[in-house]
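Some notes on the structure that comes next.
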Amino acid sequence: MADRLRIGVLASGGGTNLQAIMDACREGRVNAEVAVVVSDVQCGALERARRAGVPAVWVDRRDRERYPDRPSFDRKVREELERRRVDLVCLAGYLRIMTEELIAAYEGRMMNIHPALLPSFGGPGMWGRHVHQAVLDYGCKVSGCTVHFVTLETDGGPIIVQRAVPVEEDDTPETLAARILPQEHQAYVEAVGLFADGRLRIEGRRVRILPKAP
Ligand code: GRF
């Protein structure tokens with residue numbers, strides 16, 4: 001198999017998106033491998049990495065001696081990514097606001113998954129159940145998820161893949177989140193696979209998906 005794309009995943013939660021990406025790599029559905037998982041907290045994602053034999057790095061956000069500020073924290077994160085020669089960074093429920101330096105270091109090769117159809121219901125404060133509550137409060141009939149490249153504008157980067165789901169009359173934030181999550185897994189695996197195959201081309205705000213090589 002050609003030299004596989006090396007992915008670094010940054011996560012702070014249960015890690016189901018990480019799991020979907022690791023499974024797709026292991027089963028050969030995506031020509032890539034997860035080279036490292038980094039988290040700011042001890043979380044399910046680190047546990048999943050350990051179980052899969054993937055280097056799992058906890059950069060303790062509470063260690064104010066080592067990481068007194070955001071730049072020192074992100075320097076450590078970047079060091080861990082570079083040590084493993086990461087080609088693509090995937091944010092998967094990563095709750096840290098990153099420095100401009102870290103984002104700039106991976107311009108065009110850092111993705112994020114957001115549990116709504118951006119640009120709606122994105123931006124600061126829009127994470128987890130807050131997103132789904134806002135969608136329900138607004139009375140939307142459709143929601144979904146978005147995989148996008150990360151830029152300095154929170155949730156504002158060029159969109160790679162989106163998946164839509166219906167909003168049901170009796171939905172709660174939890175039932176809506178549960179309907180969207182499996183779509184996130186499929187959307188993220190699709191986006192990473194396209195990147196690994198060199199089929200994504202960023203043209204301003206748009207991401208062109210190139211045809212499969214003959
Ligand atoms: C997902 O809902 C994702 O959209 C959001 O955080 C959650 C991560 O879930 N960014 P998991 O940790 O991948 O299970």
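All ligand and atom numbering here is 1-based and tracks the order in the structure. On a predicted model such as this, the values are computed, not experimentally measured, just so you know. Keep in mind that the numbers below use all heavy atoms, side chains included, and drop hydrogens, waters and symmetry copies. Index from 1, following the sequence.
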I need the nearest protein heavy-atom contact for [atom]: residue, atom name and distance, please.
| atom | value |
| --- | --- |
| atom 14 (O) of ligand 1 | T16 OG1, 2.5 Å |
| atom 10 (N) of ligand 1 | I113 O, 3.3 Å |
| atom 2 (O) of ligand 1 | E184 OE2, 3.2 Å |

Subject >> Sub-3.5 Å N/O-N/O distance, G14 and ligand 1 >> reply: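 Yes: some nitrogen or oxygen of G14 is under 3.5 Å from one in ligand 1.
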Original post:
So is there a nitrogen or oxygen of N17 less than 3.5 Å from a nitrogen or oxygen in ligand 1?
Top reply: yes
**OP:** Evaluate the salt bridge (Lys or Arg N to Asp or Glu O under 4.0 Å) criterion for residues E80 and R84: first the C-alpha distance (whole Å), next the side-chain angles of each, then the deciding distance (0.1 Å), finally the verdict.
**Re:** CA-CA 7 Å; E80 296 294 338; R84 279 100 182 169; 2.5 Å; yes
Original post:
Does the pair K141/E168 count as a salt bridge with the N-to-O cut at 4.0 Å?
Top reply: no
Subject >> Per atom 8 (C) of ligand 1, closest listed option by heavy atom (G93, G44, A187, G128) >> reply: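 Looking at heavy atoms only, the winner is G93.
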**OP:** Run the contact test for G15 against ligand 1 with a 4.0 Å cut-off on heavy atoms, strictly below, and give the result.
**Re:** yes
Within 6.0 Å of [atom1] in [X], more than 12 heavy atoms from elsewhere:
| X | atom1 | value |
| --- | --- | --- |
| E174 | CD | yes |
| R83 | CZ | no |
| R206 | CZ | no |

Subject >> Polar contact flag, side-chain donor to acceptor under 3.5 angstrom, S143-H132 >> reply: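 S143 vs H132: no donor-acceptor pair found between side chains.
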